[in-house]
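Below is one structure, written out as structure tokens; the observations come after it.
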2 protein chains.
Amino acid sequence: MDLKTIYLGYLAALNERRFGDLDDFVHAEVTYNGEVLTRQQYAAMIDGDSQAIPDLRFDPQLLTTDGDLVACRLWFDCTPARPFFGHPPTGERISFAENVFYRFREGRIEEVWSLIDRESVARQLGQG
Amino acid sequence: MDLKTIYLGYLAALNERRFGDLDDFVHAEVTYNGEVLTRQQYAAMIDGDSQAIPDLRFDPQLLTTDGDLVACRLWFDCTPARPFFGHPPTGERISFAENVFYRFREGRIEEVWSLIDRESVARQLGQG
């Protein structure tokens, strides 16, 4: 299976909250922005975001793959229900981007370099 | 010439401050994070950053190309000499990432989606 198909399968698992399926997509240890996490810690991080934002949906706006690398600009259009990045929810819909790179090994993610537009999130939640 | 080679030529032009050469790499109008700029405005933005940070150097840490898209994680290790993102310089060296996507058309950049780790910059400049 090509990396683009695998990656879209990974996003589908996140969007359907099938965190148990991350076994198929993520190594037992994954380095996220320089920090080594177990797959369980990685899943818990994303689960935490989806608890804060029940309608969180990972939408790949731009997607490139090259060798073992995947690069994606994810677009989020959602309504936080609990504090997100420390900002209390307003009840209003917000939208923001994440530009993220992944290095795969043997078809599973082993390293992630993510930048989220936190400034835009803060501004939309009235704290920018 | 393949897109990777063109893109590395673009970074070399930036690193050598050959902003006149951007004619070869950037369309007359370029959309940067949703805002339409002339090539001159785009060059002036990067020139402004390099005035604030004389040793600013664009180092491609991760680079993928796919169709008309380039995705790059740029790494900066530099010493601001003037305010950067509104933060006064400390005289200390800082390092930070930019995760950026470009859409090329006929070998030149026509759209850019950039996220810079502004939180890390603010933290290192003592304002995080």
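Chain letters run A, B, ... following the sequence lines, proteins first and then strands; every chain starts at 1. All values below come from the heavy atoms of this structure, side chains included, with hydrogens, waters and symmetry mates left out.
Listed by sequence position, Ala97(B) are the residues of residues 75-97 of chain B in contact with chain A, using a 4.5 angstrom heavy-atom cutoff. The interface of residues 66-73 of chain B with chain A, defined by heavy-atom distances below 4.5 Å, comprises Asp66(B), Leu69(B), Ala71(B), Cys72(B), Arg73(B). Taking non-hydrogen atoms and a 4.5 Å limit, the residue list of residues 15-34 of chain B in contact with chain A is empty. For residues 36-51 of chain B, heavy-atom neighbours of chain A at less than 4.5 Å comprise no residues at all.
Atom CD of residue Gln61(A) and atom CH2 of residue Trp113(B) lie 7.0 Å apart, to the nearest 0.5 angstrom. Note that the CD atom of Glu119(A) and the CD atom of Glu119(B) stand 10.0 Å from one another [nearest 0.5 Å].
Cluster annotation: Leu56(A) and Leu74(A) are assigned to the same hydrophobic cluster (Ile/Leu/Val/Met/Phe/Trp/Tyr, side-chain heavy-atom contacts under 4.5 Å, transitive). Leu63(B) and Phe101(B) are members of different hydrophobic clusters when ILVMFWY side chains are connected at heavy-atom separations under 4.5 Å.
Note on Asp117(B), Val100(B), Leu62(B): by heavy-atom pairs under 4.5 Å with chain A, the leading option is Leu62(B).
For Ser114(B), the part lying under 4.5 angstrom from a heavy atom of chain A is the backbone only.
The two residues Leu115(A) and Ile116(B) make their nearest non-hydrogen contact at CD1-C, 4.1 Å.
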